[in-house]
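Only one structure is covered here, and it is reproduced in the block below.
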Amino acid sequence: MDNLMNQVLNNIPEILKRADEPSTTIADKDYSFEKWQPLMATMKPFLNEEVTRLGISTEGKSEMDLVKEVFTTQEKLSM
């Protein structure tokens, strides 16, 4: 426990600096088709399985929308 406390105390300046920085959101990231097409092609066989597993509705959504939603949902679940 003392080691953890020392690490936290030693990193307080860095923690405070990062707290002042604007956080990136999913809207700030580059989701252009050209950039993500290779990833989408690779994961396409697994996309339907993940959408079903995560209980994501597909109604009116493009593949890109589904990819974003899968990654966002997975990120939320891992927190």
Side-chain angles (χ1 to χ4, degrees):
M1 185 69 168
D2 289 333
N3 190 24
L4 177 61
M5 181 67 90
N6 287 335
Q7 287 178 348
V8 170
L9 292 174
N10 289 335
N11 288 311
I12 284 180
E14 181 66 24
I15 293 168
L16 293 175
K17 184 177 124 187
R18 286 189 180 186
D20 286 337
E21 294 174 359
S23 62
T24 59
T25 65
I26 198 164
D28 296 332
K29 296 181 181 175
D30 180 10
Y31 287 105
S32 64
F33 180 78
E34 293 76 21
K35 180 175 181 177
W36 290 94
Q37 195 278 332
L39 175 63
M40 288 172 57
T42 303
M43 71 178 289
K44 192 169 185 171
F46 309 103
L47 183 59
N48 288 337
E49 184 179 315
E50 277 300 287
V51 165
T52 301
R53 184 179 75 82
L54 296 170
I56 298 171
S57 169
T58 60
E59 190 173 331
K61 296 177 184 171
S62 69
E63 281 185 345
M64 186 55 147
D65 293 333
L66 292 172
V67 169
K68 284 194 274 189
E69 196 161 343
V70 164
F71 280 111
T72 305
T73 304
Q74 287 175 339
E75 188 174 273
K76 287 178 186 174
L77 291 175
S78 67
M79 291 181 171

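Since the structure is predicted, the reported quantities are computational estimates derived from the model, not experimental observations.
Legend: residues meeting side chain to side chain donor-acceptor pair (under 3.5 Å) with Ser62, ordered by chain and number and at least two apart, are Asp65. A search for side-chain contact (heavy atoms from CB on, under 4.5 Å) contacts involving Thr58 returns Val51, Leu66, not counting sequence neighbours.
Of the inter-residue distances, the one linking Glu49 atom CD with Leu54 atom CG reads 10.0 Å to the nearest 0.5 angstrom.
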